[in-house]
Structure formats: C-alpha cells, structure tokens
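Below is one structure, written out as structure tokens; the observations come after it.
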There are 2 protein chains.
Amino acid sequence: MVQFNQAHLDASFAALSDVTRRGVLEQLGRADASITDLADRFEMSLTGMKKHVGVLEQAGLVITEKVGRVRNCKLGVRGLQEVAAWIERYHQLWDARFCALDQIVEELKRKEKIDGRKKK
Amino acid sequence: MVQFNQAHLDASFAALSDVTRRGVLEQLGRADASITDLADRFEMSLTGMKKHVGVLEQAGLVITEKVGRVRNCKLGVRGLQEVAAWIERYHQLWDARFCALDQIVEELKRKEKIDGRKKK
DNA sequence: ATTAAACTGAACCATATGGTTCAGTATGAG
DNA sequence: CTCATACTGAACCATATGGTTCAGTTTAAT
C-alpha cells in the first residue's frame with residue numbers, strides 16, 4: 001500500500017477547508033489571475049488574498065510566479081494528486097464496509113415486506 | 001452543475017486535515033470501536049479523542065451510538081460523498097487546463113528540438 | 001450496596017487561522 | 001523624474017483548534 005505524506009495531506013485538506021480558497025481554485029480553473037484580480041473578485045484586502053494564495057501554494061495546489069510587479073497565480077500540478085489518492089483508497093475501505101451493510105439493509109427490506117404482508 | 005453545500009465541505013475538509021482523525025477513520029475502516037479503544041490506540045486522553053470523534057461526526061464522516069455506557073463509533077455514509085464529488089469536479093477543471101498545458105509543453109519540446117538542431 | 005469503567009462537560013492553555021491596517025519596496029507608465 | 005500600481009511584511013485582533021486536567025454522571029460487575 002502506498003505510504004502517504006501526512007504533513008502534506010494535512011496542508012492540502014486544510015487548504016481546501018476554506019470556502020474562499022476553494023473559490024480561488026475554481027477561479028484559477030477558468031483563467032490564471034493576479035493577486036489583485038483575486039482580491040477584487042472575493043472582496044478582500046490584497047494582504048488577505050496573498051495569505052490565502054500562500055496557503056494554497058504551500059499545499060502545492062497553486063503555483064505563482066512574479067512577473068514584473070504582478071504575481072501570476074495558476075493551478076498547481078503537485079497538490080491534488082495525493083489528496084485524490086487518499087480519498088480513493090479511503091473510499092475502498094468504505095465500500096468494503098458498506099457492502100456488508102448493504103446486505104443487512106437488503107435483509108431488513110425483505111423482512112419488512114414480509115411483515116407488511118402479515119399486517120395486511 | 002451540482003451546487004455544493006459549502007459549510008459541509010468546510011467541515012469535511014477540516015475534519016480530514018488532521019492526521020489523528022484520518023487515522024481514526026482508517027481504524028474504523030477495519031472495525032467499529034469505542035472512544036476508549038480509539039483513545040488507547042492513539043495515546044490520547046478520552047476527552048481529547050471524544051473531541052476528534054465529535055468533529056468527524058459533525059462532518060458526517062462517522063456515526064456514533066451510545067450503547068449502555070460505551071459509545072460505539074463507525075464510519076458514516078453521508079460524509080465522504082460530497083468531498084469526493086468536489087474533488088472529482090475539480091479534477092475535471094484541472095485536466096481541462098492541463099490538456100491545454102500539455103499541448104504547449106509539446107509545442108515547446110518540438111521547438112527545442114529544432115533549436116537544438118540549429119545550434120549544432 | 002460498592003466500586004470500577006466509560007463517558008461527558010467545563011475550564012484552561014498554547015498555538016494557529018482568517019482577517020484587518022499601515023508602512024514600506026519595486027516596477028511600469030507618462 | 002514622478003507618480004500610481006502591485007505587491008509585501010509587520011503588527012494586531014478575534015476566534016478556532018488540539019490538547020490537557022478535574023470533577024461529575026451513568027451503567028456494569030461483584
């Protein structure tokens with residue numbers, strides 16, 4: 001089984017746990033943007049937006065590059081892969097458990113049907 | 001496009017951003033457990049573990065039920081689905097952009113090859 | 001009836017987070 | 001050269017987070 005970089009997972013999930021930052025990612029999904037663009041879009045101070053971008057960059061979810069006096073922000077490659085991998089693996093655990101659960105549910109439904117008939 | 005419950009996404013991602021809580025989920029993937037079980041496993045006070053479980057439960061990632069004096073914890077259904085859906089949709093944005101990027105990269109490689117030949 | 005186990009809630013603590021303002025620095029335009 | 005733009009860093013603030021201890025309460029076992 002793959003070994004995950006827990007610190008990186010911490011940073012990535014934390015970065016994703018804020019509605020503004022998810023918004024920024026969505027925005028960058030449409031087009032690259034400067035800090036000013038993003039600050040305007042989300043009605044926030046430049047400094048505030050800079051911090052959000054910093055968090056996203058730390059998590060590898062965006063990449064930025066300073067060109068002249070403007071910092072260009074774009075989606076990063078590195079970030080989401082491990083997160084998606086973790087979710088995926090976790091989903092498997094989940095399914096394994098719910099397979100069992102599904103059977104129980106089916107069993108219950110079958111019984112209900114019978115009970116229903118009896119009550120009629 | 002699906003509209004996401006942002007508050008719930010906040011809670012879920014935040015819940016997942018802690019290594020102990022991810023560990024708890026993994027543990028519950030193997031078997032249901034009591035608060036005491038989990039506290040022992042992660043070498044933490046009962047109260048501390050209770051808080052973690054509370055966070056996970058709030059996010060719908062676990063379900064608990066008090067049976068006698070012990071609280072039984074198990075994986076929840078409700079939680080991961082929206083998270084997985086968000087990641088999935090986001091992945092699509094990503095791919096769309098990287099498709100374009102790939103083309104650019106290919107283009108650059110092609111040019112480099114030519115330049116390389118010229119320099120020789 | 002006693003006692004131990006398992007949890008729960010309140011209070012506390014240190015640090016992190018999400019925001020702000022203010023005072024810079026660096027760069028592009030005229 | 002001058003000035004506005006775009007960012008950056010420091011300091012601050014309120015609230016949240018991850019943990020603890022201590023003092024209950026409820027339930028199970030003897």
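Lettering of chains follows the sequences in order, A, B, ..., and the numbering in each one begins at 1.
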For A/S34, check side chain to side chain contact (heavy atoms under 4.5 Å, CB included) against everything at least two apart and list the hits. A/T36, A/D37, A/V70
To the nearest 0.5 Å, atom CD1 of B/I87 lies from atom CD of B/Q92 at 12.5 Å
For residues 17-28 of chain A, which side-chain N or O atoms pair as donor and acceptor with protein atoms under 3.5 Å away, sequence neighbours left out?
| unit_1 | atom_1 | unit_2 | atom_2 | d |
| --- | --- | --- | --- | --- |
| A/S17 | OG | A/A14 | O | 2.8 |
| A/D18 | OD1 | A/T20 | N | 2.8 |
| A/D18 | OD1 | A/R21 | N | 3.1 |
| A/R21 | NE | A/A15 | O | 2.8 |
| A/R21 | NH1 | A/H52 | ND1 | 3.2 |
| A/R21 | NH2 | A/A14 | O | 3.2 |
| A/R22 | NE | B/Q6 | OE1 | 3.3 |
| A/R22 | NH1 | A/L16 | O | 2.7 |
| A/R22 | NH1 | B/D10 | OD1 | 2.9 |
| A/R22 | NH2 | B/Q6 | O | 3.2 |
| A/R22 | NH2 | B/Q6 | OE1 | 2.7 |
| A/R22 | NH2 | B/D10 | OD1 | 2.8 |
| A/E26 | OE1 | B/R89 | NH2 | 3.3 |
| A/E26 | OE2 | B/R89 | NH2 | 3.1 |
| A/Q27 | OE1 | A/R30 | NH1 | 3.2 |

Check each residue of residues 12-27 of chain B for a non-hydrogen atom within less than 4.0 Å of any atom in DNA chain C, then write out the ones that pass by number, or none. none
From CD of A/E65 over to C1' of D/dA6, roughly how many Å is that when rounded to an integer? 16 Å
Contacts under 3.5 Å, N or O only, protein and nucleotides 27-30 of chain C:
| unit_1 | atom_1 | unit_2 | atom_2 | d |
| --- | --- | --- | --- | --- |
| C/dT27 | O2 | A/R69 | NH1 | 3.2 |

A/I35 and side chain to side chain contact (heavy atoms under 4.5 Å, CB included): which single residue from A/T47, A/T64, A/L46, A/N72 fits? A/L46
Taking every non-hydrogen atom, the tightest pair across A/N5 and A/E82: N-OE2, 2.8 Å
In this structure, are over 12 heavy atoms from other groups packed under 6.0 Å from A/E57 atom CD? yes
Side-chain N or O of B/K66 versus OP1/OP2 of C/dT8: is the shortest distance under 4.0 Å? yes
Are A/L9 and B/V55 connected in a single hydrophobic cluster, I mean Ile/Leu/Val/Met/Phe/Trp/Tyr linked by side-chain heavy atoms less than 4.5 Å apart? no
Heavy-atom contacts under 4.0 Å between residues 42-61 of chain A and DNA chain C, which residues? A/M44, A/S45, A/T47, A/G48, A/K51, A/H52
Separation of A/H91 NE2 from B/Q81 CD (nearest 0.5 Å): 6.5 Å
Heavy-atom closest pair, residues A/M49 and A/A39: CG-N, 3.8 Å
Filter on ring-ring contact (aromatic ring centres under 6.0 Å, His included), then keep only pairs touching residues 9-28 of chain B, sequence neighbours left out; what's left? B/F13-B/W86
